[in-house]
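Data first, discussion second: the structure below is written as structure tokens.
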Amino acid sequence: MIGKDKYSTNLVTTNWLSNKIMAWNDEENTRQMPWKGEKEPYFIWLSEIILQQTRVEQGLLYYHRFIYYFPNVRKLAAADEKKLMKLWEGLGYYSRCRNLHKAAKIIVADYHGVFPKSYENILKLPGVGPYTAAAISSFAYNEPYAVVDGNVVRVLSRFFGSYKSINNTDGKRWFGEVAQRLLPKKKAGVYNQAIMDLGAVICKPRKPQCEICPLHNKCVAFLLGKQQEFPVKNKRIRKKQRWFSFLILIRDGKVLIQKRVDNDIWKGLYQFPVYETSSFVPTSQLNRRISKDGLQIKLGKVAFSASQELTHQTIHGRFYVLLVTQSFKGIEGEWLTPRAAAKRAFPKMPAIFLNNLGCVNGKFDGSFSKK
DNA sequence: AAGACGGGGTG
DNA sequence: CACCCAGTCTT
């Protein structure tokens, strides 16, 4: 069976697998989450967006925060974008937050504030892809759409011993079709939840608990002892290295910040004016570039260095602090007091710097000391 | 079809 | 350090 393109996910196997999963769910699945059994599509939607590529434990606090501040879609649509971003700060993948806001406005404008009912319309919302649309449709309305997330492809790839890659078009189509065929149509919501729970609790990426897995009698990977070979994912890309030199400009106790607007990392968040270079260059070289930009400032010592590991890149950061005079101008941005700056959302590294930037009587004084 | 997009946890 | 996480969007 292994290595071939065609698998007999015949009806017998289909019923066997879903029956086993449903029985396990009824008798042994103790996994609890606040949104489990939730029928209100708005809450389901929030939880699903927050949980995209995010561990349940990490998203939990944010979920509670969002339902507290935005108990319904109209509140969310009416939210101030800066406040929204601040609430999302630290969670990553910030396009999720921007799209959440966009979608909320669409629901208010096009659907009178009532969450759309059909899979097709749900799928049209920005930030909602096949997984999220299936999750909302099945959880809220018990519509027969199979969810295919990281848990599901792990369970299925191991069970069928499928070497189909989970990150190319062919593999995605294969897992999608198999998942859909396995779905008990009349119990879509409960089953979808259950197979994901199984993947999260039993069929884990490392150290799967095969001994207590309800599927082990027919699981190809388990029977062959090859659990670690699944799922197959092809070529991960090399990590990019980037070097950012941040300029912390203090004028009359206020710091200059800018919004990141390009289609790049941290879009929508705030930062300090930054020079990106292909490696860390001597301060003198940076000063020449600054001078070429027509700015009347000269950098001194680096106040703070840090790096941050992201999934696809490593950011090396340096922070320079400069006290400038009242007349300083030449860089676009907003001058903010410590209090105002704290209300904006920053990426992790600049946020750490900002949180340790000294201030006296509600004004930045240009000092820095890492607490 | 292939990259880009965050941050945290795990082995 | 590499991989993974209730994926989606852009190029």
Side-chain angles (χ1 to χ4, degrees), chain A residues 31 33-36 38 44-63 85 88-100 102-103 122-139 145-155 165-173 175-176 179 189 192-201 203-208 228 230-240 242 260 262-269 271 307-315 345-352:
Chain A
R31 196 173 193 216
M33 290 168 296
W35 46 82
K36 206 163 174 178
E38 177 64 60
I44 297 170
W45 171 55
L46 272 182
S47 70
E48 294 302 339
I49 300 297
I50 288 172
L51 266 46
Q52 286 168 6
Q53 292 291 284
T54 304
R55 288 164 192 280
V56 168
E57 310 81 67
Q58 192 190 357
L60 212 48
L61 162 74
Y62 290 85
Y63 176 71
M85 273 308 204
W88 198 273
E89 185 183 43
L91 194 55
Y93 282 169
Y94 296 92
S95 67
R96 291 183 292 172
C97 185
R98 300 193 306 271
N99 284 331
L100 201 65
K102 267 193 215 165
I122 295 170
L123 186 60
K124 280 184 203 154
L125 297 170
V128 174
Y131 163 77
T132 305
I136 298 172
S137 305
S138 66
F139 296 160
Y145 293 89
V147 292
V148 183
D149 74 331
N151 293 306
V152 172
V153 294
R154 192 168 53 253
V155 171
S165 172
I166 63 168
N167 59 348
N168 64 27
T169 307
D170 178 56
K172 281 179 192 166
R173 186 175 44 71
F175 283 105
N192 274 340
Q193 183 71 248
I195 189 171
M196 288 193 285
D197 285 346
L198 186 80
V201 176
C203 196
K204 300 183 292 183
R206 318 287 173 87
K207 297 194 176 183
Q228 290 315 312
F230 304 98
V232 172
K233 197 180 267 191
N234 51 11
K235 69 166 184 303
R236 40 195 89 266
I237 46 157
R238 189 151 213 75
K239 256 197 187 179
K240 205 167 42 164
R242 300 177 73 178
R260 292 183 68 92
D262 294 343
N263 275 333
D264 188 9
I265 185 177
W266 302 326
K267 182 179 179 183
L269 272 65
Q271 65 169 15
S307 26
Q308 182 180 2
E309 295 292 339
L310 307 179
T311 304
H312 301 303
Q313 48 189 301
T314 304
I315 310 287
F346 284 79
K348 190 188 164 196
M349 185 168 33
I352 291 173

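Given the structure is predicted, the values throughout are model-derived calculations rather than measurements. Every chain is numbered from 1, with letters handed out A, B, ... down the list of sequences.
Under the 4.5 Å side-chain criterion, counting only non-hydrogen atoms from C-beta, Gln228(A) is in contact with Pro208(A). Annotation: side chain of Trp35(A) is in contact with side chain of Leu51(A) (closest heavy-atom distance under 4.5 Å). Counting heavy atoms from C-beta outward, Val152(A) and Met196(A) have side chains that approach closer than 4.5 Å. Between Tyr93(A) and Thr54(A), the closest side-chain pair of non-hydrogen atoms is not below 4.5 Å.
Taking atom NZ of Lys239(A) as the reference point, atom P of dG6(B) lies 14 Å away to the nearest angstrom. In this structure, CD of Glu309(A) is placed 12 Å from C1' of dG8(B), rounded to the nearest angstrom. dA4(B) atom C1' lies 8 Å from atom NZ of Lys240(A), rounded to whole Å. With rounding to whole Å, Leu269(A) atom CG is found 12 Å from dG7(B) atom C1'. Regarding Lys233(A), its NZ atom lies at a distance of 7 Å from the C1' atom of dC4(C), rounded to whole Å. Between the P atom of dA4(B) and the CZ atom of Arg242(A) lies a distance of 10 Å, rounded to the nearest Å. Atoms CG (Leu46(A)) and P (dG7(C)) sit 16 Å apart, rounded to a whole Å. A straight line from CZ of Arg96(A) to P of dC5(B) spans 15 Å, rounded to a whole angstrom.
Contact of Thr54(A) with dG7(C) (side chain to base): no donor-acceptor pair of N or O atoms is detected under 3.5 Å. Remark: the Gln58(A) side chain and the dG8(B) base include no donor-acceptor N/O pair separated by less than 3.5 Å.
Within the 4.0 Å cut-off from OP1 or OP2 of dA4(B), not a single side-chain nitrogen or oxygen of Thr311(A) is found. Put simply, Ser95(A) has no side-chain N or O that comes within less than 4.0 Å of OP1 or OP2 on dC9(C). Side-chain N/O atoms of Tyr93(A) include none lying less than 4.0 angstrom from OP1 or OP2 on dC5(C). Residue Asn263(A) places at least one side-chain N or O under 4.0 Å from the OP1 or OP2 atom of dT11(C). Remark: Gln52(A) is not in phosphate contact with dG7(C), judged by side-chain N or O atoms under 4.0 Å from OP1 or OP2. In this structure, Asn151(A) reaches the dA6(C) phosphate: one of its side-chain N or O atoms is under 4.0 Å from OP1 or OP2. A close approach under 4.0 Å does not occur between any side-chain nitrogen or oxygen of Arg55(A) and OP1 or OP2 of dT10(B). Within the structure, every side-chain polar atom (N or O) of Gln53(A) is placed at least 4.0 Å from both OP1 and OP2 of dC5(B). Dashed line: the shortest gap from a side-chain N or O of Trp88(A) to OP1 or OP2 of dG6(B) is not under 4.0 Å.
Here the separation of dG11(B) from dA6(C), taken at their P atoms, is 14 Å to the nearest Å. Comparing the P positions of dG3(B) and dC3(C) gives a spacing of 16 Å, expressed to the nearest Å. Nucleotides dG6(B) and dT10(C) place their P atoms 13 Å apart, quoted to the nearest Å.
Residue-level contact check: Asp264(A) touches the backbone only, with heavy atoms under 4.0 Å from sugar-phosphate atoms and none from bases. Across all strands, Gly59(A) comes closer than 4.0 Å to no nucleic acid atom at all (heavy-atom distances). Arg31(A) comes within 4.0 angstrom of a base, heavy atoms only. Within 4.0 Å of Ile50(A), counting heavy atoms only, lies no atom of the nucleic acid at all. Base contact: Met33(A) has a heavy atom under 4.0 Å from a base atom.
Each of Arg206(A) and Lys267(A) has a nearest nucleotide on DNA chain B; the 5'-most of these lies closest to Lys267(A). The residue among Tyr94(A) and Lys172(A) whose nearest nucleotide of DNA chain B is located toward the 5' end is Lys172(A). Comparing Lys36(A) and Val128(A) along DNA chain C, the residue whose closest nucleotide (by nearest heavy atom) sits nearer the 5' end is Lys36(A).
Using modelled atom types and a 3.5 Å distance limit, the side chains of Asp149(A) and Asn151(A) yield a donor-acceptor pair.
Among the nucleotides dC4(C), dG6(B), dG7(C), the one closest to any side-chain atom of Pro205(A) is dC4(C). Ranking dC5(B), dA6(C), dG7(B) by closeness to the Gln193(A) side chain, first place goes to dA6(C). Closest to the side chain of Val56(A), out of dC4(C), dG6(B), dA6(C), is dA6(C). Distances from the side chain of Met196(A) to the nucleotides dA6(C), dG8(B), dC5(B) place dA6(C) closest. Side chain of Thr132(A), nearest nucleotide from dA6(C), dT8(C), dG7(B): dT8(C).
Using modelled atom types, no side-chain atom of Lys102(A) and backbone atom of Leu125(A) make a donor-acceptor pair closer than 3.5 Å. A distance-only check finds a donor-acceptor pair linking the side chain of Arg96(A) to the backbone of Gln52(A) [under 3.5 Å].
The distance from the CE atom of Met85(A) to the CG atom of Leu100(A) is 10.5 Å, given to the nearest 0.5 Å.
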